[in-house]
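Predicted, not measured: the structure shown is a model, and the values here were computed from it. Within every chain, numbering begins at 1; the chains are lettered A, B, ... in the order of the sequence lines, protein sequences first and strands thereafter.
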2 protein chains.
Amino acid sequence: MHPSRRITIVDVARHAGVSTTAVSKVMRNAYGASPEMQTKVRAAIEELGYRPSAAARGLRGQTYTIGVMLPEMRNPFFADILDGVTEHLGGTDYQVLMAACCNDEKGEVRITEAMMDRSMDGIILIAPISSRRHLQKVARAVPTVVVGRHGHSPDYDTVTDDDFAGAGLVVDHLVGLGHRRIAHIEHAEKDPVRLKEMPNALRADGYRYAMQSHGLGDYIDIASTTYTQQGGYLGAQQLLARAQRPTAIFAGADIVAMGVLDALTEAGLSAPEDISVAGYDDTMFAAFGPISLTTVDQAGHQMGVNAVRLLLDRIGSRGRPTAQIKLSPTLITRRTTAPIR
Amino acid sequence: MHPSRRITIVDVARHAGVSTTAVSKVMRNAYGASPEMQTKVRAAIEELGYRPSAAARGLRGQTYTIGVMLPEMRNPFFADILDGVTEHLGGTDYQVLMAACCNDEKGEVRITEAMMDRSMDGIILIAPISSRRHLQKVARAVPTVVVGRHGHSPDYDTVTDDDFAGAGLVVDHLVGLGHRRIAHIEHAEKDPVRLKEMPNALRADGYRYAMQSHGLGDYIDIASTTYTQQGGYLGAQQLLARAQRPTAIFAGADIVAMGVLDALTEAGLSAPEDISVAGYDDTMFAAFGPISLTTVDQAGHQMGVNAVRLLLDRIGSRGRPTAQIKLSPTLITRRTTAPIR
DNA sequence: TGTGACGTGAGTAACGTTTTCCACTATGTT
DNA sequence: AACATAGTGGAAAACGTTACTCACGTCACA
C-alpha cells in the first residue's frame with residue numbers, strides 16, 4: 001500500500017461489509033439506512049478516520065461549502081457580518097470560505113466565477129459593486145444572498161440596513177445639538193443603478209433629505225471620495241478648506257471617520273471641540289475608548305445571521321420567491337459629537 | 001436542452017472538432033498541442049464561455065486553489081500578510097480562499113481538514129496554535145507554509161519575524177528614553193512546544209532577555225492575558241493596580257496596545273504623558289494619526305509574498321528540503337513613547 | 001532502407017462520490 | 001391465498017476532468 005493513500009468510501013464500505021451506497025446514505029443522513037446499518041457504518045468511518053472528498057461530492061451533489069465575498073479585509077464592519085455568518089453556520093456541515101476582492105469590479109467577477117467553478121452550494125456577496133447583470137448570472141447559477149445592497153431581484157435575496165433612515169438619525173442628532181452647517185463625506189458613485197442600490201448612495205440621499213426636512217437645504221455640503229480611511233482624510237481636507245467651515249461632519253462609514261479624525265489632528269483641531277464627527281457602522285474602532293465615535297449601529301451580526309438563514313432556506317428550495325430583509329439602524333451617541341458652541 | 005446546463009470540456013471539444021484531451025492540454029498549457037490546435041481550441045473556449053469545473057479537476061489533478069487560514073478577522077496585521085499573498089498570486093491561475101478560525105484549536109483542525117477535503121493545492125497557515133503533530137499531518141497531505149510560528153519541520157516551510165530581536169528593539173528604545181520600570185503584556189502560553197515556537201512567547205523571552213541585558217532584571221513585570229484588545233485592556237488594568245506602577249508598557253501586539261490605551265483613557269491617564277506605550281506589528285491602527293503608536297514593523301506584506309513564493313516552489317517540487325525564512329523587524333517611533341519625566 | 005526520435009493527436013481508464021434504479025423481504029390487507 | 005406496501009440494501013451509471021498509453025506521420029541519420 002502507498003505511504004498513505006486517502007481513505008475513500010470504498011475502504012469504509014469494505015471494512016463495514018456493506019455497499020458504498022450504504023455508506024453514502026449514512027454520511028448524508030439520507031433515507032434508507034436501518035439503525036444497525038448506521039451504527040455499523042459509523043463505526044467503520046470512525047475507525048478508519050474517513051473524510052469524504054469534496055471534489056468527488058461536488059461532481060454529483062453538494063460540496064457543503066458556502067462562499068463569502070468581502071469588498072476588503074480592513075473594514076472591521078465586515079468582520080461583524082462574518083461573525084454572524086459563521087456563528088449561524090457553526091452547527092451545520094457547511095464550511096465557510098471567504099475571498100476579498102479589493103473593491104474592484106474585475107476582482108469581484110473573478111471571485112464569483114471562482115466560487116461557481118468550485119461548485120459552492122451557496123454564495124453570500126457583501127456590498128458587491130458588480131453590474132446587476134452579473135449578479136443575476138451568478139444567482140441563477142448558485143443560490144445567492146446579497147448583503148448591503150438594496151434593490152429587488154427575482155434571483156437573489158437581500159439583507160440590508162435602512163441606510164436612508166440611518167443617515168437621518170445622524171442629521172437629526174446633530175441638528176438637535178444645534179448644528180446647521182453639517183457636511184457629509186460620501187463614496188463617489190455615478191452608475192445610475194448603483195446610485196439606487198448602494199448603501200453609500202442611500203446614506204447620501206438620506207443626508208440630503210434630512211437636511212432639507214430641517215430647512216437646512218442651503219447648508220448641504222458633500223465631499224465625494226471613497227469609503228476608506230484615505231477617503232475620509234481627503235474629504236476632511238476638502239471640507240476644512242471651505243470658506244465657511246462645517247461645524248459637524250457626518251462620515252459615511254466609521255473607517256471614513258477615522259480618516260477625518262486623522263485630518264483634524266493634523267490640522268491641529270479636535271473632535272468634538274472644534275468640529276463634531278459622526279460615523280456609520282459601529283465598528284470596534286468607534287467603541288474604542290480614546291476615539292469614542294458617535295455612529296450608527298447597523299447590526300452587522302444580525303445581517304450575517306439573516307443572510308445565512310435566507311441562504312440555507314434557498315438552498316433547500318430554490319424556487320421560492322426572493323425576500324428582502326431590511327434592518328433598522330440605531331444611533332450610538334458617543335463623545336465625538338457635542339453641542340455647538 | 002436544459003435551461004442552462006454548464007458548458008463542459010466535451011462541448012468545447014465537439015465545437016472545436018477535437019478531442020477532450022486536446023482541450024485539457026490547452027487549458028493547462030501542457031505539452032503536446034500545436035499552435036493551430038491552441039488557437040482553434042481557445043476560440044471555442046471563448047465562444048462558449050467555458051470554465052473548467054474545479055470539482056472535476058480536483059478528482060484527478062489540481063484545483064488551482066490556495067487556502068489561507070487566519071486566527072481571526074479583526075487584527076489588521078493579517079490583512080497586511082494577505083495583501084502580500086494575493087498580490088503575488090494575482091498573475092497566476094491560483095485563487096485564494098480564506099477561513100478564519102476564532103483563535104481556537106478545534107476550529108483550526110476543522111478548517112485545515114476542510115481545506116484538505118477540498119483538495120486544495122496548497123495551504124498557508126497563519127500563526128497556527130495546533131499541535132505539531134497536527135501540523136505535520138496537514139503538511140504531509142498538502143504542501144504547506146506556516147507563517148508566524150517558529151520551529152523547524154521536515155514537512156513545512158516557515159516564514160517568521162525575528163520576534164526575539166523585535167522585543168529587544170522596543171526595550172532598547174524605552175531604556176534609551178530613561179525608562180526602567182518597563183512592563184510587558186503577553187499572550188499567555190503554557191504548552192512547552194508553543195513556548196518555543198509562538199511569536200508571543202518569543203517576544204516575551206526577548207523582553208526578559210533585553211531587560212536583563214540592561215541590568216533591569218528586577219523590573220521585569222509581565223501581565224499574562226491574550227493578544228486581543230480585551231486582553232490589552234485587562235492587562236493594563238492589572239499593571240495599573242501595581243503598588244509601583246510601570247512608566248512604560250510594551251504590549252505584545254498593536255491590538256493589545258489599543259486595549260492598553262483604552263484602559264489608560266478610562267483611568268484618566270494618557271500616553272505618553274503618564275505612561276509610554278509601545279505595540280508590535282505596525283498595523284494601520286498604529287499609523288492612525290490620533291493614536292500614533294510606537295511599534296515594531298514586521299513587514300506583513302513581505303511575509304505574505306515570501307510565503308507564496310515558498311508555497312509555489314513546494315507545489316512544484318514536493319521533495320525539496322524545507323526552508324525557514326526569518327525577517328528582521330524595525331522599530332517605528334511615534335508619539336506614544338517619550339522620555340521619562 | 002531501415003530505425004529511432006519526435007511531434008501531434010486521440011482513446012480510455014481512472015478519480016470518489018451521489019443518484020437512480022431494482023430486487024428482496026417482511027408485514028399487513030382484502 | 002393473493003396482493004399491495006413499506007423498509008432495506010446493492011448494482012451500476014453518471015458527474016467532468018486529467019493521466020496514461022498508443023498510433024500515426026515526418027524527419028534526420030546511419
Double-helix bend of the helix from C/dT1-D/dA30 to C/dT30-D/dA1, axes at both ends from 5 pairs, round to 10°, gives 50°
Please set out all donor-acceptor pairs under 3.5 angstrom arising from side-chain atoms of residues 39-50 of chain A, sequence neighbours excluded.
unit_1, atom_1, unit_2, atom_2, d
A/Thr39, OG1, A/Pro35, O, 3.4
A/Thr39, OG1, A/Glu36, O, 2.7
A/Arg42, NH2, A/Gln38, OE1, 2.7

Hey, can you pull the residues of residues 24-44 of chain A with a non-hydrogen atom under 4.0 angstrom from DNA chain C? A/Ser24, A/Arg28
Sorted by chain and number, sequence neighbours left out, side-chain hydrogen bond (donor to acceptor under 3.5 Å, both in side chains) with A/Asp80 holds for B/Arg74
Would you find a donor on one side and an acceptor on the other, under 3.5 Å apart, between the side chain of A/Asp191 and the backbone of A/Arg194? yes
For the residue pair A/Gln62 / A/Tyr94, report whether a side-chain donor-acceptor contact shorter than 3.5 Å exists. yes
Side chain to side chain contact (heavy atoms under 4.5 Å, CB included) partners of B/Thr322, counting only residues at least two apart: B/His152, B/Asp157, B/Arg314, B/Gln324
Donor-acceptor contact below 3.5 Å, side chain B/Arg110 vs main chain B/Lys106: no
B/Asp117: partners by side-chain hydrogen bond (donor to acceptor under 3.5 Å, both in side chains), with sequence neighbours left out: A/Arg6, A/Arg51
Answer yes or no: is there a donor N or O on one side and an acceptor on the other, between the side chain of A/Asn75 and the main chain of A/Phe78, under 3.5 Å? no
Is there a donor-acceptor pair under 3.5 Å between the side chain of B/Thr65 and the backbone N or O of B/Met120? no
Does the pair B/Asp313/B/Arg320 count as a salt bridge with the N-to-O cut at 4.0 Å? yes
Those residues at least two apart in sequence (or on a different chain) that pass side-chain hydrogen bond (donor to acceptor under 3.5 Å, both in side chains) with B/Thr158 are none
Strictly by modelled atom types, are A/Ser130 and A/Glu108 linked by a side-chain donor-acceptor pair under 3.5 Å? yes
Range on DNA chain C touched by chain B, heavy atoms, distance below 4.0 Å: C/dG7 to C/dG16
Could you check whether any side-chain N or O of A/Thr8 sits under 3.5 Å from a backbone N or O of A/Val10, counting only pairs where one atom can act as donor and the other as acceptor? yes
Which residues satisfy the side chain to side chain contact (heavy atoms under 4.5 Å, CB included) test with B/Arg28, sequence neighbours excluded? B/Ser24, B/Lys25, B/Ala30, B/Arg57, B/Tyr64
Distance under 4.0 Å to a non-hydrogen atom of chain A counts as contact; along DNA chain D, which nucleotides mark the start and end? D/dG7 to D/dG16
Going by the rule side chain to side chain contact (heavy atoms under 4.5 Å, CB included), which residues pair with A/Ser153 if we only count those two or more places apart in sequence or in a different chain? A/Arg132, A/Gln136, A/Asp155, A/Tyr156
Where along residues 11-22 of chain B does a heavy atom fall under 4.0 Å from DNA chain D? B/Thr21
